[in-house]
Trainee: 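I am attaching a structure below and will ask some questions about it afterwards.
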Amino acid sequence: MNQNVNQRLGKNFFIRDATEVAPALVGKILARNFSDGRIIRRLITEVEIYRGEEDEACHASKGMTRRTRVMYSEGGRIYVYLIYGMYWMLNFVTGPEGHPQAVLIRGIEGFDGPGKLTRALEIDGTFYGEDLTRSERIWIEENRRKFRIGKGTRIGIDYAGEEWRSKPWRYFLKNT
DNA sequence: GTTAAGATTCCG
DNA sequence: GGAATCTTAACG
């Protein structure tokens, strides 16, 4: 059966471990419904995993704080934070409740860079904790098309130890 | 209360 | 290479 409407991804997609969710997110569609009614849909092109209190690159390595609290919730919520006083970073919480993990959205079609895409999508602190599976202003849609996906090390985390710096926890769309 | 540093981007 | 710009976390 052909259907023109893409299916919104639900809780079952996000409550899996970040190592499963991250590669699965690449090639999916990020939908944003602006306050004026415009809706834009863009392919997710690049993501990174931040997983557990052991991960020295993950904000949760400092334990549960006001900022990291949402990462401890059940997968499907949004974790956003401000970096360098000017860029909002968009993350999707994954995994079961009680285990802090999230996937950083580093790029979408047309906007390469985590700070650039949030500016384009008008994502800010008000999205902290938003439920991706229920929100009316942001959600993820299934994509029947399949893609070649590459992987590599995470960007901008030189402060973390070798074990964590070298994890192949960045995934991206390969040019076809 | 003070301070150093940051999952970035842009400019010179 | 360095600034912009401000929140967070660490220390006191």
Side-chain angles (χ1 to χ4, degrees), chain A residues 9 13-28 30 32 40 42-132 135 138 140 149-174:
Chain A
L9 296 182
F13 181 88
F14 296 101
I15 61 178
R16 294 178 295 160
D17 195 275
T19 53
E20 281 184 59
V21 177
L25 266 177
V26 177
K28 294 291 190 292
L30 175 54
R32 170 79 167 99
I40 73 171
R42 300 274 179 153
L43 283 185
I44 295 174
T45 57
E46 187 177 5
V47 304
E48 278 176 1
I49 295 170
Y50 290 88
R51 184 184 180 283
E53 293 181 343
E54 329 78 69
D55 179 3
E56 294 171 10
C58 181
H59 291 160
S61 61
K62 311 289 187 189
M64 190 189 291
T65 64
R66 208 168 75 152
R67 179 168 70 155
T68 64
R69 198 170 83 79
V70 75
M71 277 203 276
Y72 290 77
S73 64
E74 190 175 69
R77 290 188 182 280
I78 287 179
Y79 168 45
V80 283
Y81 67 91
L82 188 66
I83 189 70
Y84 298 113
M86 49 180 84
Y87 300 107
W88 292 100
M89 300 286 104
L90 174 64
N91 301 253
F92 302 155
V93 176
T94 61
E97 182 173 5
H99 188 276
Q101 43 177 270
V103 175
L104 168 69
I105 308 303
R106 287 195 65 87
I108 60 175
E109 209 176 16
F111 300 101
D112 196 8
K116 292 181 186 175
L117 71 91
T118 53
R119 201 173 50 195
L121 296 179
E122 299 175 21
I123 306 284
D124 60 20
T126 67
F127 283 78
Y128 186 93
E130 188 111 342
D131 186 346
L132 270 176
S135 173
I138 186 171
I140 310 301
I149 296 174
K151 65 180 171 181
T153 54
R154 296 177 289 180
I155 308 288
I157 55 156
D158 289 346
Y159 56 85
E162 167 66 17
E163 177 187 357
W164 303 102
R165 270 202 317 256
S166 60
K167 290 250 181 231
W169 278 359
R170 183 168 56 93
Y171 295 89
F172 49 88
L173 263 191
K174 266 187 174 171

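Naming convention: chains lettered A, B, ... in sequence-line order (proteins, then strands); numbering from 1 in each chain. Atom set for the values below is all heavy atoms of this structure, side chains included, hydrogens, waters and symmetry mates excluded. What you are looking at is a predicted structure, and each value in this text was computed from that prediction instead of being measured.
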Trainee: For R119(A), answer base if it contacts any base atom (sugar-phosphate contacts may also be present), sugar-phosphate if it contacts only those atoms, and nothing otherwise; contact means non-hydrogen atoms under 4.0 Å.
Mentor: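 Sugar-phosphate, no base atom in range.
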Trainee: Indicate the atoms forming the closest heavy-atom contact of I140(A) with K28(A), along with that distance.
Mentor: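 Nearest pair, atom of I140(A) first, then K28(A): CG2-CB, 3.9 Å.
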Trainee: So, are R106(A) and E48(A) salt-bridged, with charged N and O less than 4.0 Å apart?
Mentor: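 Yes.
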Trainee: Answer with base, sugar-phosphate or nothing: what part of the nucleic acid does R154(A) contact at a heavy-atom distance below 4.0 Å?
Mentor: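 No contact.
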Trainee: Give the rounded distance in Å between these two atoms: CG of D112(A) and P of dC10(B).
Mentor: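 These atoms are roughly 11 Å apart.
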Trainee: Are R77(A) and E130(A) ion-paired here, with the side-chain N under 4.0 Å from a carboxylate O?
Mentor: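 Here R77(A) does not pair with E130(A) in a salt bridge, since their nearest N and O are not under 4.0 Å apart.
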Trainee: Using the ring of each side chain (for Trp, its six-membered ring), is W164(A) parallel, tilted or perpendicular to W169(A), with breaks at 30° and 60°?
Mentor: tilted
Trainee: Take the protein atom CZ of F92(A) and the nucleotide atom P of dA7(B), then report the distance between them rounded to whole Å.
Mentor: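 These atoms are roughly 19 Å apart.
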Trainee: For DNA chain C, which residues in residues 53-79 of chain A have a heavy atom at a distance below 4.0 Å?
Mentor: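 The stretch gives K62(A), T65(A), R67(A) as the residues lying under 4.0 Å from the strand, ordered by number.
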Trainee: Would you verify whether the NZ or CZ of R16(A) falls within 45 degrees of the ring axis of F13(A) while also being under 6.0 Å from that six-membered ring's centre?
Mentor: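 The answer is yes; both the distance and angle limits are met.
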Trainee: Over how many whole Å does the gap from I49(A) atom CD1 to dA7(B) atom P extend?
Mentor: 17 Å
Trainee: If you check the Y84(A) side chain, which of dT9(B), dT8(B), dA7(B) turns out closest?
Mentor: dT8(B)
Trainee: Take D55(A) and Y50(A), measure what side-chain contact (heavy atoms from CB on, under 4.5 Å) needs, and give me the verdict at the end.
Mentor: CA-CA 7 Å; D55(A) 179 3; Y50(A) 290 88; 4.2 Å; yes
Trainee: Is any NZ, NE, NH1 or NH2 atom of the basic residue among R42(A) and E109(A) found under 4.0 Å from an Asp or Glu carboxylate oxygen of the other?
Mentor: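 Salt bridge absent between R42(A) and E109(A).
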Trainee: So what does L104(A) touch, heavy atoms closer than 4.0 Å: a base, only the sugar-phosphate, or nothing?
Mentor: base
Trainee: Ignoring backbone atoms, establish whether Y81(A) has a side-chain N or O less than 4.0 Å from OP1 or OP2 of dG6(B).
Mentor: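 False: Y81(A) side-chain N/O out of range (4.0 Å or more) of dG6(B) OP1/OP2.
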Trainee: Dot-bracket, 5' to 3', for DNA chain C please: Watson-Crick or G-U pairs under 3.5 Å, [ ] where pairs cross earlier ones, | where the partner sits on another strand, dots elsewhere.
Mentor: ||||.||||||.
Trainee: Starting at CG of L117(A) and ending at P of dA7(B), how long is that distance when rounded to a whole Å?
Mentor: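 So the CG-P distance, L117(A) to dA7(B), works out to 16 Å.
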Trainee: Among dT8(B), dA4(C), dG6(B), which nucleotide sits nearest the side chain of M89(A)?
Mentor: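 Taking heavy atoms from C-beta onward, the closest nucleotide is dT8(B).
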Trainee: Just compare dT9(B), dT7(C), dA7(B) and give me whichever is closest to any side-chain atom of L82(A).
Mentor: dT7(C)
Trainee: Find out whether the Lys NZ or Arg CZ of R119(A) is both under 6.0 angstrom from the six-membered ring centre of F111(A) and within 45° of the ring's axis.
Mentor: no
Trainee: Could you work out the separation of dT5(C) and dT2(B) based on their P atoms and round it to a whole Å?
Mentor: 22 Å
Trainee: Distance under 6.0 Å and angle within 45° of the ring axis: does R67(A) meet both against Y81(A)?
Mentor: yes
